[in-house]
Each structure stands twice: as structure tokens, then as C-alpha cells.
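Right, one structure below, let's go through it.
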Amino acid sequence: MRNSLLFTTLSLVAMSMLTACGTKEEKKTESAEAPRAAVIENSQEAQKEDVTNTYDLAIDEKTYHVVVHRYSDTEKPIFTDDFGDEFYDNQVEITVKRDTATLINRVFSLESFESYIPSKYKDKVILQGIAPDEQNSTANGIVFGVTIGPAGSEDGQVLLVMTMVPGSGAIDIRKDDTPDNIGMDQGKEGR
């Protein structure tokens, strides 16, 4: 399932990149001979994201409804990638419900994981995404994969496993030493 988790996270990042690339291609075709600097000078504001994915996790004969809402953190400085494209960092709100009861509702930012980010990546990465891992989740702890990496990239440089205990507020975060990148996205995207 770690395969699925990482693939889900990377799929979300890839969708974001495709949206950004589509905008870039339109600009290039409008003025194909314009120097790169002209495109940057005339660029609109940084790329904003607002993506919500929903998941129904079957755990110990109960269904948990998970909503992962990733959106741009416009209060933070803007990141610029190697091509001059600008991006905001993200915040991710996670809501977990069973039946009608809300068991978890938390918002995470890059600072939530700061102690796990090596110093060589500090000030160079953003919170790319968080996705649930149904295979490794139990009623005692719902597992999520966390991907942190450079703005505008699909490559996660810091991969974490976060376990949240429904109803208690307890969270355990660890480095993911065995990341996989094969699997299928189970989430349903809505904007």
C-alpha cells in the first residue's frame, strides 16, 4: 500500500504540474519568439492550489471517510523553481469521519514536519501533499504518507509516515525508509 500512497501523492503533484504546464505552454505559443525573461516579467501571480480528495477506507469492518484538502498558503513567501515559475507552499487539512462523528480534523503546514527536514533542504522545499494508506491503517491508527519536496517538482525529497489515532489527537511521525512508487490512486478529486 505504500506503493499506492506514494503514487497517490505523486499523482496529486503531477496533476498540479500539468495544470501549471498547460498555462506555461499557452504563454509560449502566444509569443514563441519572446525571450524567457519577457515571459517571467509578464507572468501572473504564483501558482495557487485548492484541491480536495476524498477516500473511503475500510478498516476493521468499519468505513472511515477521509477528506484531504490541500490549498496554497498565501501568507508565506513565494518559491521560485529553476524555470522562474512561482509557487506557494501548501497547507493540508485532514478530516476523518466514521458515520456522522468527526474523529480527526487537523491542518498541517511545512512547519508541522520541520524537525524531519534535513538542513540541506530547509528553505528549498514545500509540503507537496498528504494521502492516506489504507493497507497499513487500523482502527487504532490511520496512516498517511507525507511528501515534501521542491516547488514545481514531482520528486519528494523528504518522505514521512504519519499515524493519527482517531478520537485521541495523538500523532506519530516517522521517516519513511521504504518508499514505493507503484500503485493506484483511490481518491476522488473534487475542486
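For clarity, every value in this text was computed on a predicted model and none was experimentally measured.
Contact check for Leu110 versus Ile126: no side-chain heavy atoms found under the 4.5 Å cut-off. The shortest side-chain heavy-atom distance between Asn90 and Ser72 falls under the 4.5 Å cut-off. Counting heavy atoms from C-beta outward, Pro132 and Val68 have side chains that approach closer than 4.5 Å. Contact check for Asp50 versus His69: side-chain heavy atoms found under the 4.5 Å cut-off. No side-chain heavy atom of Asp85 sits less than 4.5 Å from a side-chain heavy atom of Thr80. Under the 4.5 Å side-chain criterion, counting only non-hydrogen atoms from C-beta, Leu127 is in contact with Ile148. Using a 4.5 Å heavy-atom threshold, the side chains of Val146 and Phe108 count as separate.
Among all heavy-atom pairs drawn from Ser168 and Ala170, the shortest one is OG-N, 3.0 Å. The nearest pair of heavy atoms linking Tyr64 to Val96 is CD2-CG1, 4.0 Å. Here the closest non-hydrogen pair linking Ser112 and Ile173 is O-CD1, 4.3 Å. When all heavy atoms are compared, the tightest approach of Gln91 to Ser109 is CG-CB, 4.2 Å. Residues Ile104 and Gly167 share a closest heavy-atom pair of CG1-N, 4.5 Å. Between Glu134 and Asp56, the closest heavy-atom pair is OE2-O, 4.2 Å.
In the hydrophobic clustering of this structure, Val66 does not group with Val165; members are Ile, Leu, Val, Met, Phe, Trp, Tyr whose side-chain heavy atoms approach within less than 4.5 Å, directly or through other members. Both Tyr121 and Leu160 belong to a single network of hydrophobic side chains, linked directly or stepwise wherever heavy atoms of I, L, V, M, F, W or Y lie under 4.5 Å apart. Using a 4.5 Å cut-off between side-chain heavy atoms of Ile, Leu, Val, Met, Phe, Trp and Tyr, with links allowed through other members, Tyr71 and Tyr55 fall into different hydrophobic clusters. Under the 4.5 Å side-chain heavy-atom criterion for grouping Ile, Leu, Val, Met, Phe, Trp and Tyr, Leu57 is not connected to Val67 through any hydrophobic cluster.
To the nearest 0.5 Å, atom CD of residue Glu49 and atom CG of residue Asp73 are 12.0 Å apart. A distance of 13.0 Å separates CD1 of Ile117 from NZ of Lys175, quoted to the nearest 0.5 Å. To the nearest 0.5 Å, the span separating CG on Leu103 from NE2 on His65 amounts to 12.0 Å. Once rounded to the nearest 0.5 Å, the distance linking CG of Asp99 with OG1 of Thr63 reads 8.5 Å. Taking CG of Asn140 as the reference point, atom CE of Met164 lies at 15.0 Å (rounded to 0.5 Å). Atom CD1 in Ile142 sits 10.0 Å away from atom OG1 in Thr163 (nearest 0.5 Å).
Looking at Arg70, its side chain never comes within 3.5 Å of a backbone N or O of Asn53 through a donor-acceptor pair.
The salt bridge (charged side-chain N to carboxylate O under 4.0 Å, His left out) pairs that include a residue from residues 100-113 are Lys76-Glu111, where partners are two or more places apart or lie in different chains. Within the structure, no pair that satisfies the salt bridge (charged side-chain N to carboxylate O under 4.0 Å, His left out) test touches residues 113-129, not counting sequence neighbours.
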For this session: Given side-chain contact (heavy atoms from CB on, under 4.5 Å), test Ile171 with Phe144 step by step and report yes or no.
Result: CA-CA 11 Å; Ile171 297 176; Phe144 294 85; over 6 Å; no

For this session: Take Lys48 and Tyr88 through the side-chain contact (heavy atoms from CB on, under 4.5 Å) test and state the conclusion after the steps.
Result: CA-CA 6 Å; Lys48 289 186 181 177; Tyr88 287 106; 3.6 Å; yes

Problem set entry | Working for side-chain contact (heavy atoms from CB on, under 4.5 Å), residues Val125 and Val158 | CA-CA 9 Å; Val125 293; Val158 179; 5.7 Å; no

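Residues that satisfy the side chain to side chain donor-acceptor pair (under 3.5 Å) test with Asp172, not counting sequence neighbours, are Arg174.
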